[in-house]
Amino acid sequence: MEIKISDLDHIRETAREFIDNMGNRKVFAFYGKMGAGKTTFIKAVCEELGVEDVITSPTFAIINEYSGKDDTIYHFDFYRIKKLEEVYDMGYEDYFYSGALCFIEWPELIEEVLPEDAVKVQIIEKEDGTRAVLF
Ligand SMILES: Nc1ncnc2c1ncn2[C@@H]1O[C@H](COP(=O)(O)OP(=O)(O)OP(=O)(O)O)[C@@H](O)[C@H]1O
Ligand SMILES: [Mg+2]
């Protein structure tokens, strides 16, 4: 399905629509160019799930953990991964198969270890600056 984000003022309702369509799925891989809006959208989804602590971009850490109202959420940014070995070393399986929600940026860099049932989400920036979330 496709959800449109007209602008940042409407991102929370878009996040809600996304959550309403997540079902029981846990691992979400967010594909999209640099600056497409992956972090911004994941942040809005986390806030909508009741995460209260300020969400810093995980740019300098591969993984951030948040507590939502009912869920533990792991937010990954694999942009800086150079070797798959680093992903093994961090014990990725303990997160991906934990039953907690996992939101992953730059999944293309760890495609080999992405769970088979991971939901592929694409974020596309249109020419007019609006975003489309496809999944
Ligand atoms: N839906 C949106 N509408 C308008 N601007 C947006 C939207 N989403 C993100 N932006 C803006 O685009 C910029 C980049 O967003 P963001 O950091 O979320 O991208 P990203 O996909 O996570 O990039 P990276 O690949 O570098 O991690 C930010 O300045 C943000 O405010
Ligand atoms: Mg980002």
Side-chain angles (χ1 to χ4, degrees):
M1 70 176 287
E2 174 170 350
I3 305 175
K4 287 188 170 69
I5 315 175
S6 56
D7 56 61
L8 289 176
D9 291 339
H10 294 92
I11 198 159
R12 284 294 283 273
E13 53 207 69
T14 317
R16 175 41 54 192
E17 199 180 337
F18 180 80
I19 291 164
D20 289 344
N21 287 282
M22 287 189 343
N24 288 323
R25 300 173 294 180
K26 298 294 180 189
V27 181
F28 295 83
F30 287 81
Y31 295 81
K33 290 182 185 160
M34 198 179 289
K38 300 178 291 297
T39 303
T40 306
F41 187 66
I42 290 169
K43 179 175 184 288
V45 170
C46 289
E47 285 173 352
E48 202 57 33
L49 288 170
V51 176
E52 281 174 358
D53 38 325
V54 177
I55 300 169
T56 52
S57 164
T59 305
F60 299 104
I62 294 174
I63 172 167
N64 277 6
E65 178 179 349
Y66 315 127
S67 296
K69 201 163 61 68
D70 306 309
D71 319 82
T72 293
I73 302 157
Y74 295 114
H75 178 190
F76 302 85
D77 188 339
F78 289 113
Y79 186 69
R80 284 185 166 70
I81 286 289
K82 292 191 184 68
K83 295 185 207 150
L84 209 53
E85 208 180 322
E86 294 172 54
V87 182
Y88 286 111
D89 287 347
M90 67 174 279
Y92 75 93
E93 288 167 299
D94 296 344
Y95 303 104
F96 288 179
Y97 299 100
S98 64
L101 277 174
C102 292
F103 296 140
I104 304 165
E105 293 188 53
W106 293 102
E108 40 277 85
L109 295 175
I110 59 134
E111 205 78 57
E112 294 100 312
V113 300
L114 210 55
E116 223 169 87
D117 58 356
V119 182
K120 300 199 172 195
V121 183
Q122 280 197 59
I123 300 196
I124 295 163
E125 181 180 2
K126 304 267 177 75
E127 258 174 41
D128 61 3
T130 62
R131 267 68 169 178
V133 180
L134 300 147
F135 64 105

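Both backbone and side-chain heavy atoms feed into the values below; hydrogens, waters and symmetry mates do not. All residue numbers in this chain count up from 1 along the given sequence. Counting convention: from 1, in listed order, for ligands and their atoms alike.
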Participant: Taking both backbone and side chain into account, is any N, O or S atom of T39 nearer than 2.8 Å to the Mg ion (ligand 2)?
Facilitator: yes
Participant: Out of curiosity, is K43 lining ligand 1, as in a heavy atom under 4.0 Å away?
Facilitator: no
Participant: With side chains defined as the heavy atoms from C-beta onward, is the minimum distance between E65 and Y95 less than 4.5 Å?
Facilitator: no
Participant: Taking non-hydrogen atoms only, is R131 closer than 4.0 angstrom to ligand 1 via side chain, backbone, both or neither?
Facilitator: side chain
Participant: Working note: E111 + L114, criterion side-chain contact (heavy atoms from CB on, under 4.5 Å); need CA distance, chi angles, decisive distance, verdict.
Facilitator: CA-CA 5 Å; E111 205 78 57; L114 210 55; 3.5 Å; yes
Participant: Checking E125 now: which residues fulfil salt bridge (Lys or Arg N to Asp or Glu O under 4.0 Å) with it, not counting sequence neighbours?
Facilitator: R131
Participant: So that I can tick it off, tell me whether K4 and E17 are bridged by a salt bridge, with the cut-off set at under 4.0 angstrom between side-chain N and carboxylate O.
Facilitator: no
Participant: Answer with yes or no whether A36 contacts ligand 1, where contact means a heavy atom under 4.0 Å from a ligand atom.
Facilitator: yes
Participant: Please state which part of K33 comes within less than 4.0 Å of ligand 1, counting heavy atoms only: side chain, backbone, both or neither.
Facilitator: backbone
Participant: Following the transitive rule for hydrophobic clusters with a side-chain heavy-atom cut-off under 4.5 Å over Ile, Leu, Val, Met, Phe, Trp and Tyr, establish whether L134 and V45 coincide in one cluster.
Facilitator: no
Participant: Side-chain contact test, heavy atoms from C-beta onward, threshold under 4.5 Å: evaluate it for L101 versus F28 and give yes or no.
Facilitator: yes
Participant: Only N/O/S atoms count here: what is the atom of E105 closest to the Mg ion (ligand 2) called?
Facilitator: OE1
Participant: Quick one: which of L8, I123, T14 has a heavy atom closest to atom 2 (C) of ligand 1?
Facilitator: L8
Participant: Which residues pass the ring-ring contact (aromatic ring centres under 6.0 Å, His included) test with F78, not counting sequence neighbours?
Facilitator: F76
Participant: Please tell me if the side chains of E108 and Y31 come closer than 4.5 Å, counting only heavy atoms from C-beta onward.
Facilitator: yes
Participant: Please confirm whether W106 approaches ligand 1 to less than 4.0 Å, judged on its heavy atoms.
Facilitator: yes
Participant: T39 heavy atoms, cut-off 4.0 Å: which ligand 1 atoms fall inside?
Facilitator: 18 (O), 20 (P), 22 (O), 27 (O)
Participant: If you count the atoms of ligand 1 from 1 in the order shown, which ones are under 4.0 Å from a heavy atom of E105?
Facilitator: 22 (O), 27 (O)
Participant: Can you check which of G35, G32, G37 brings a heavy atom nearest to atom 8 (N) of ligand 1?
Facilitator: G37
